[in-house]
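Order of the sequence lines sets the chain letters (A, B, ...), proteins ahead of strands, with each chain counted from 1. Computed from a prediction, not measured in an experiment: that's the story for all the values here. What you see below is based on every heavy atom in this structure, not just the backbone, and it leaves out hydrogens, waters and symmetry mates.
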Amino acid sequence: MNFETISSSALLAAFIVYCIAFLVFVLAVAGKGWSSRDPQEHVKRWGRFAFAASVVGFACHLLFFFTRWYSAGHIPTSNMYEFMTFLAMMIMFAFIIVYLIYRTPVLGMFALPVGIIVIAYASVFPHEVQPLIPALQSYWLKIHVTTAATGEAFFAVGFAGGLMYLLRTIDFKGTSKAARREQRGAEFTLFTIVTVIAFVSVVFGFHAAGYSAQFGKQVTVKDPQGVEQTVTQKIDYVLPPLFQPYDSQLISMKPFLGMDKPPMTSPSWMKGGNAGRKFNTVVWSLLAGLILYAILRLVARRRLGEAIQPALAGIDAEDLDEISYRAIAIGYPIYTLGALIFAMIWASEAWGRFWGWDPKEDWALITWLFYAAFLHLRLSRGWQGKRSAWLAVVGFLVVMFTLIGVNLVIAGLHSYAGV
Amino acid sequence: MIHNTKCECGHQNHVGTVLCESCGKPLTDEAGNEPLEMRYDGVARRSQRAKRTPLDRVWNFFSSVKIAVYLIIFTLLASAIGTIFPQEDTFINLDPATFYKDTYGWSGELYYLLGLSHTFDSWWFRMLLFMIGTSLVICSLDRVLPLYRALSKQQLRKHPSFILRQKVAFEGDLPQSGVNESTKDWDDRFADALRKKHYRVYREDGALLAEKNRFSRWGPYINHIGLIIFLLAALSRGIPGWHMNQYMEFLEGSPKAISGTNYYLLNNQFTVDFYNPDEMSEGFRQRDVAVPKVYKTDAILYECTADCRVADKQPVLRELTHQQIEVNKPLKYKDLQVFQFDYSETPELLAIKPMLTDHSTGQSYGPIDLQMDNPLPSYQAGPFTLTLKSFFPEFGLDDKGLPMTKSNKPLAPAFVFSLTGPGLPAAGSPYMYFPRQIDKVNFRQDDINGALGSRFDLSVGSMDDVKIAQYTSYLNIRVEKAMPYIWFGAAVSMIGLIMGFYWQHRRIWLRIDGARLMLGAHTNKNWFGIRKEVADALGKTGIDVDPKSLEKGRNRE
Ligand code: HEM
């Protein structure tokens, strides 16, 4: 047994314990009418139990983190897998802090799933410990990544609060234009979450089944002497190719549903083999998301938001509003310090420039400006309640785009090697 | 229009005042019931005064938070647009006019034509930042001064409608706790309870004001000051000499001038180490890729003291500093920083020290020191003189079959000497020399030299006499004079943020009229916290209230 395996087991344990904690939170909140006991007492008792479970999960998560650190010899925040598991850990941390302030079990019902999904998402990326390339060998980098993730974790809790607020207050029976728009917005947010879950499940499903396919694509590269050479770039698919990369040849493909070659080709404007692969993944995620969503709708026989709403009945909406805002207010200075100031210090140490408009830096700034606008609107223009909740939800989408979207869509200096 | 701005308590307020500066009575909307708008304690701001000079207009424009939010949103959108395609300055040596079109098609071309390929240097982006800066200054001044005035002279006894129209308010009778307690005793106990919670308590008979963390109100303004300093520092990089950024390649072995300065830099030696397979995790090892662990340039920085950049003359250099440049560990000298950026393996001949052998006597002379980068006009080997007639760094033949050089990199160097000395014509005999064995064979050196070639031989004894550069180190040379101001601004901003977000300004007003107690409380954030504190303090003095019931508009649903 070495530290790397202890570490992986600890993460698995954390994941399971979080799931249990989440279910107990649901039991605490939604089951208050079931027992003959005083509902308040029920919520308190089970809420305490669920919170204790979350703390145990967090302890396992810490164990994962430190054992991996020990076995890798450097802080595990240097690729997408490590960063995402770290982010999930900080989301749990932020949840624990905010829970200790407000002690509302509903928060667990919403914040825990965010953390759980982030762990699940992380596990899609290659797990192995990688050696650190020289550019990443700086302690400022560690400080930068960890503090930025901590700030983002509080935004995640703010997102959970905002979403709760919306699900609590949106009138799902309303037929006015405004009500319709809100219903659609909330449903879209839930659909997005469902899609992420579907994406992770699909990747895991095919991975477990040992699926693979490979394509080759001729690309011209320039060698250091400036001479152009044509080489074959190999593109590995982990999901069955519905779309093969534009202008590529099939090398191998396990049959999928009787198909032994891809039915379609990705659009020609998607240059490069990886663009084709990413496109294939996006299509898969959307398809799987739609299917999962449809199943959930069939089971619930209602819009998902409408189905969740009763669980939130009796919860003071203004508390949710305050929790969401407070989490963001706690996160903002941490984020500023981590994602901007420490990033600038590191950049100026490593590259001699504190700011270079690299896409990742740029999106960190965009996130920061977004929350600055949020705070100003809230403080000076009285945007509270629904508007504020929408901003908290959208803000977190911006955060996630900065963390994931930029790497998938725009390549820059910071891109970790991904799937 | 004449406003009557005199309050019933006798205080004369400025035009634009919402709450009387002295007793807090609402001056507009007197009959209302809704919680009061407590921002800046209801004092008048410059932007609210009636005058309408052009200066006022500009002031009003920039003092509006609404405008500020628009500016922030515009900057946000511009920054997002700037990431759609890579910016021009991400590339070294590239013609943007064709690059965007070739790489991204029509959308790329449009992007380029709209100037979005240099969004962040564009005048309109700078203008946005400049406007944010102006807005920060004006907005902050507009509010901080009145707020400071209002907070530094607070009156204790407030008007009942001021107290009861706070968001957190309580009205009730003093508790009849059986004991013969006077108003004063209750008051004392309440004040003590608040002091325990770190409030500063001011009292005047029958009225009380408790306040804590007032300093946190200055947080946003300190943050804004920090941002202004930061912005100014960032814009100051436009001052000549404050900012320099260039990428240069340095082949091992010879000093190279850093353009725009008087400095020369020598890549004395470049080294790179790779990770050992046993330093990698099992999974990664299987990928079989070489990952560099450290690479560094042993660099010497010189200052040119004479003959700088003069053709045919070696500059006179004075060593300034000798440092190792590694990724994340730049060379630093005064304002100059040199960063390790990249490297490539480019084996290249630097110098060679051949001996001249005269087969007719069997004697060897020399060695002579042939530098590829700047060969001397003539060399002496024993009694023989080699005068350099021509030098071809990368020898080749043009379409007419005449010798030429394909580049000025010493990839296939060739020397043409005129040889004089014992047994040779005084006018000299031409002798051609290819240092690389392969070129010597390919270009048939011996045939070219004919008889002279069988008498003389120019060659090296061992590899010690050959100097080869293995690597080119790509270095990034920078000057950034604004850095201290940037860090200072960032630090100030951070202090402001922490002040403003982790503490909250809380105030509690209390007024006792007979047995009637009126309490109002205000905070700029975290109502949950102040509600709890008020309920706790009241509870300690025998008045039990649910924290939530204190808040106005709470029980709407
Ligand atoms: C990117 C630039 C800016 C950032 C990051 C920023 C940040 C902040 C922050 C963090 C707060 C405190 C908010 C809170 O306590 O909830 C604040 C408050 C405020 N900001 Fe800004 N700000 C920026 C630009 C501006 C501009 C341009 C204006 C000018 C109109 C402005 C006006 C204000 C005002 C009036 C307050 C409220 C202060 C108070 O009432 O105590 N801000 N700002």
Side-chain angles (χ1 to χ4, degrees), chain A residues 4 71-72 101-102 126-135 137-138 140 224-225 269 271 316-319 322-323 325-326 329-330 332-333 336-337 340-341 344-346 348-359 362-363 365-366 369-370 372-373 376-377 379-381 406 410-412, chain B residues 39 65-66 68-69 72-73 75-76 79-80 82-84 86-87 89-90 103 105 119-120 234 245 275 279-284 291-295 326-328 330 337 339-341 344-346 476 478 480 483 486-487 490-491 493-494 497-498 501-502 524-528 548 551 554 557:
Chain A
E4 221 175 319
S71 83
I101 302 178
Y102 292 100
H127 293 202
E128 74 255 10
V129 174
Q130 293 170 358
L132 271 192
I133 57 168
Q137 295 162 1
S138 153
W140 279 112
Q225 272 77 42
W269 50 266
K271 302 264 183 327
D316 189 341
E318 288 191 37
D319 280 351
E322 163 130 9
I323 290 174
Y325 169 55
R326 194 74 194 291
I330 294 175
Y332 193 74
T336 309
L337 190 64
L340 298 173
I341 299 182
M344 289 192 282
I345 295 179
W346 175 45
S348 89
E349 295 270 312
W351 297 304
R353 54 164 186 65
F354 64 100
W355 194 259
W357 298 110
D358 168 76
D362 200 358
W363 275 92
L365 174 72
I366 290 171
L369 289 173
F370 185 91
H376 283 101
L377 287 168
L379 190 74
S380 297
R381 311 222 40 97
V406 174
I410 314 166
Chain B
R39 220 178 293 145
V65 175
K66 194 161 147 195
V69 172
I72 291 176
I73 299 281
T75 313
L76 185 159
S79 313
T83 61
I84 295 179
Q87 295 284 301
D89 57 11
T90 346
T103 321
T119 302
F120 304 110
N245 174 26
Y275 277 99
E279 284 173 293
M280 297 180 182
S281 69
E282 185 55 45
F284 198 83
V291 181
K293 186 176 184 180
V294 212
Y295 42 90
E326 258 178 71
V327 179
N328 290 332
Q337 288 187 299
F339 291 83
Q340 187 67 54
F341 176 67
S344 62
E345 201 169 349
T346 50
N476 176 209
R478 290 180 175 271
E480 200 69 88
M483 281 335 281
I486 296 265
W487 298 138
S493 195
M494 237 5 258
L497 282 175
I498 289 171
F501 279 106
Y502 298 144
N524 56 340
K525 264 198 201 72
N526 190 0
W527 293 92
F528 179 88
K548 273 194 184 166
E551 198 167 330
R554 260 285 158 174
E557 305 175 64

Contact origin within B:N476 toward chain A - heavy atom pairs under 4.5 Å: side chain

Mutual orientation of the aromatic rings belonging to A:Y332 and B:F501 [parallel < 30°, tilted 30-60°, perpendicular > 60°]: tilted

Criterion side chain to side chain contact (heavy atoms under 4.5 Å, CB included) on B:F120 and A:D362, from CA distance to verdict: CA-CA 10 Å; B:F120 304 110; A:D362 200 358; 3.0 Å; yes

Distance (rounded to the nearest 0.5 Å) between A:M344 CE and B:M483 CE: 7.5 Å

Side chain to side chain contact (heavy atoms under 4.5 Å, CB included) partners of B:L76, counting only residues at least two apart: A:I366, A:L369, A:F370

Between A:I345, A:L365, A:T336, the one whose heavy-atom pairs under 4.5 Å with chain B are most numerous: A:I345

Heavy-atom proximity to chain A below 4.5 Å, by part of B:F528: both

Part of A:I323 within contact of chain B (heavy atom distance under 4.5 Å): neither

Spacing of A:S348 atom OG and B:E480 atom CD [to the nearest 0.5 Å]: 8.5 Å

Value rounded to 0.5 Å, distance of CH2 in B:W487 from CD1 in A:I341: 8.5 Å

Residues forming a ring pair (Phe, Tyr, Trp, His ring centres under 6.0 Å) with A:W140, sequence neighbours excluded: A:F342

CH2-OG1 distance between A:W363 and B:T83, expressed to the nearest 0.5 angstrom: 5.5 Å

Separation between CD1 of B:I486 and CH2 of A:W355, rounded to the nearest 0.5 Å: 11.0 Å

Between CG on residue A:L337 and CD1 on residue B:I498, distance to nearest 0.5 Å: 7.0 Å

